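Report on one structure; see the data block that follows.
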Amino acid sequence: MHVIVTGGSSGIGLEVARLYLGTGANVSIIARDGTRLEQARLDLEGSGAGSSGRLRVASADVAVESDLQAAVSACEAAFGPCDVLIASAGIVEPALFEDQSSEIFARQIQTNLFGTVNSLRAIYPSMKARRSGRIMVISSGAALIGIHGYTAYCASKSALVGLVEALATEASPFDVRISICFPPDTLTPQYEAELPKRSVEARRMMGAAPAWRPEAVAAKIVRAVDRGTSRVTFGFSLTALGWFGPLIKPVVYWWYAATAQKHTR
Ligand SMILES: NC(=O)c1ccc[n+]([C@@H]2O[C@H](COP(=O)([O-])OP(=O)(O)OC[C@H]3O[C@@H](n4cnc5c(N)ncnc54)[C@H](OP(=O)(O)O)[C@@H]3O)[C@@H](O)[C@H]2O)c1
């Protein structure tokens with residue numbers, strides 16, 4: 001089995017890669033920074049998760065379709081066609097809408113939405129032709145409710161819902177299963193960089209639930225891929241939002257507005 005993990009050099013993607021290596025799969029991880037990729041290789045090989053022959057690293061920006069396609073082709077030349085794609089590459093930059101430059105807003109859309117589109121373009125057609133394959137798109141709990149200071153991120157991650165649900169209708173007759181998951185706050189380098197930029201309002205809305213460990217999030221993702229679960233939520237609040245969002249969100253937004261501090265500017 002060949003598993004490709006975009007964003008596999010860090011955080012959730014790295015732990016997913018470790019789990020698949022542990023099952024004996026061939027694993028390719030794709031990310032931009034070559035140094036971080038090599039560190040991930042040393043980490044994965046050092047932890048005994050896999051022998052060097054079953055792990056491949058490739059550098060590409062998921063937002064650049066030709067680069068990603070070249071990286072996927074190189075990985076498939078080594079390990080054969082991709083059987084499982086985990087699209088985990090993603091970025092977040094919290095800021096008030098009017099304070100965020102259009103470049104940083106666009107970069108989040110380019111990476112989180114178009115990076116996933118490019119990953120699907122590079123891998124899905126061959127799965128469809130072979131009538132076999134599993135894809136897990138990593139969205140976020142931020143796709144399930146609007147969060148103060150996260151306009152670009154919420155937009156990019158909720159757009160993935162429409163993308164996955166529409167493509168799944170095209171893919172299911174060909175036995176290609178496309179799933180989406182909505183991770184909660186997870187203790188990764190991304191979360192550690194993001195937390196100091198999170199507004200008081202966002203903290204109020206998101207509550208005080210402790211962040212998950214990336215190993216636990218990865219284990220749930222791998223289990224869901226094995227079972228072919230189409231939609232994966234984590235913890236009570238996000239699971240409730242995931243299934244009953246249209247009922248719950250108006251109440252949350254009402255409470256949020258009623259208890260918000262009024263600003264003069
Ligand atoms: N951590 C959380 O609390 C949380 C919660 C919900 C959802 N998520 C989502 O889960 C996914 C993984 O997040 P994480 O927390 O594990 O983040 P992370 O530790 O920062 O890892 C992100 C990975 O994506 C890669 N990446 C970023 N931009 C890329 C690009 N343009 N092209 C290729 N690779 C790229 C990074 O490597 P390079 O920078 O070297 O490219 C890295 O390997 C993301 O989609 C994130 O939005 C995270």
Side-chain angles (χ1 to χ4, degrees), residues 6-7 10-13 32 61-65 87-120 137-166 180-209 211-212 217 231 233-235 237-238 240-242 244-265:
T6 72
S10 176
I12 296 169
R32 293 167 300 178
D61 184 338
V62 291
V64 180
E65 187 174 3
S88 186
I91 56 170
V92 60
E93 274 296 334
L96 283 183
F97 179 69
E98 70 275 21
D99 291 345
Q100 186 149 78
S101 71
S102 54
E103 287 77 16
I104 296 179
F105 193 103
R107 200 181 307 148
Q108 291 172 80
I109 305 287
Q110 284 296 341
T111 304
N112 300 347
L113 174 57
F114 284 100
T116 303
V117 171
N118 292 338
S119 307
L120 293 167
V137 168
I138 313 295
S139 175
S140 166
L144 303 175
I145 190 158
I147 302 171
H148 183 279
Y150 285 76
T151 47
Y153 189 69
C154 286
S156 68
K157 292 295 189 176
S158 55
L160 294 175
V161 177
L163 172 68
V164 166
E165 289 183 358
I180 188 164
C181 70
F182 304 93
D185 275 346
T186 307
L187 293 166
T188 67
Q190 177 178 111
Y191 172 75
E192 275 154 26
E194 165 199 347
L195 204 54
K197 301 177 194 165
R198 188 174 282 181
S199 66
V200 174
E201 291 87 344
R203 287 169 198 267
R204 199 157 64 80
M205 174 163 262
M206 291 157 97
W212 283 48
V217 173
R231 203 177 154 87
T233 50
F234 300 76
S237 311
L238 288 180
L241 266 177
F244 307 109
L247 292 174
I248 295 173
K249 283 202 284 186
V251 180
V252 174
Y253 292 138
W254 173 83
W255 164 82
Y256 178 80
T259 58
Q261 201 189 339
K262 296 292 174 211
H263 296 287
T264 47
R265 92 166 177 101

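Numbers for residues simply follow the sequence, beginning at 1. Hydrogens, waters and symmetry mates play no part in the numbers below; they use all other heavy atoms, side chains included. Nothing here was measured: the structure is a model prediction, and the numbers come from that model.
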What heavy-atom pair brings Leu241 and Lys249 nearest, and what distance separates the two atoms? CD2-CG, 3.7 Å

Can you label the angle between the His148 ring and the Tyr256 ring as parallel, tilted or perpendicular, going by 30° and 60°? tilted

Can you find a pair of side-chain heavy atoms, one from Leu238 and one from Phe182, that are under 4.5 Å apart? no

Determine whether Thr186 and Pro184 make a side-chain contact, defined as any pair of heavy atoms from C-beta on separated by less than 4.5 Å. yes

Would you say the side chain of Thr188 lies within less than 4.5 Å of the side chain of Val217, judging by non-hydrogen atoms? no

Using 0.5 Å steps for rounding, measure from the OG atom of Ser158 to the CG atom of Leu163. 11.5 Å

Side-chain touch Asp185/Arg198, heavy atoms, less than 4.5 angstrom: yes

Looking at Ala63 and Asp61, what are the two nearest heavy atoms and their distance? N-OD1, 2.8 Å

Return the OG to OH distance between Ser199 and Tyr150, rounded to the nearest 0.5 Å. 7.0 Å

Could you tell me whether the side chain of Thr6 and the main chain of Ala89 form a donor-acceptor pair under 3.5 Å? yes

So, Arg231 side chain and Gly242 main chain: donor-acceptor pair closer than 3.5 Å or not? yes

Quick check: closest heavy atoms across Gly235 and Trp212, and the distance to 0.1 Å? N-CZ2, 3.6 Å

Taking atom OH of Tyr191 as the centre, does the number of heavy atoms from other residues, nucleotides or ligands within less than 6.0 Å exceed 12? yes

Donor-acceptor pair, distance only, cut-off 3.5 Å: does the side chain of Tyr253 make one with the backbone of Gly146? yes

Nearest 0.5 Å, what's the CD1-SG distance between Ile12 and Cys181? 7.0 Å

Is it true that a side-chain atom of Asn118 and a backbone atom of Val62 form a donor plus acceptor pair closer than 3.5 Å? yes

Is there a donor-acceptor contact under 3.5 Å from the side chain of Gln108 to the main chain of Ala155? no

Any sub-3.5 Å donor-acceptor pair from Gln100's side-chain atoms to Glu93's backbone N or O? yes

So how far is it from Ile91 CD1 to Ser156 OG, rounded to the nearest 0.5 Å? 8.5 Å

Examine distances only and state if a side-chain atom of Thr116 and a backbone atom of Phe114 form a donor-acceptor pair shorter than 3.5 Å. no

Closest non-hydrogen atoms of Cys154 and Ile147, given as atom of the first, atom of the second and distance, are SG-N, 3.6 Å

Spatial distance of atom CD1 (Ile145) from atom CD1 (Ile248) [nearest 0.5 Å]: 8.5 Å

Heavy-atom pair of closest approach, residues Gly90 and Thr111: CA-CG2, 4.1 Å

Give a yes or no answer on whether the side chain of Ser139 reaches the backbone of Lys157 with a donor-acceptor pair at less than 3.5 Å. yes

Any donor and acceptor pair, going by atom type alone, linking the side chain of Arg203 with main-chain N or O of Leu195 inside 3.5 Å? yes

Looking only at heavy atoms, which two atoms of Glu192 and Pro196 are closest? And how far apart? O-CD, 3.2 Å

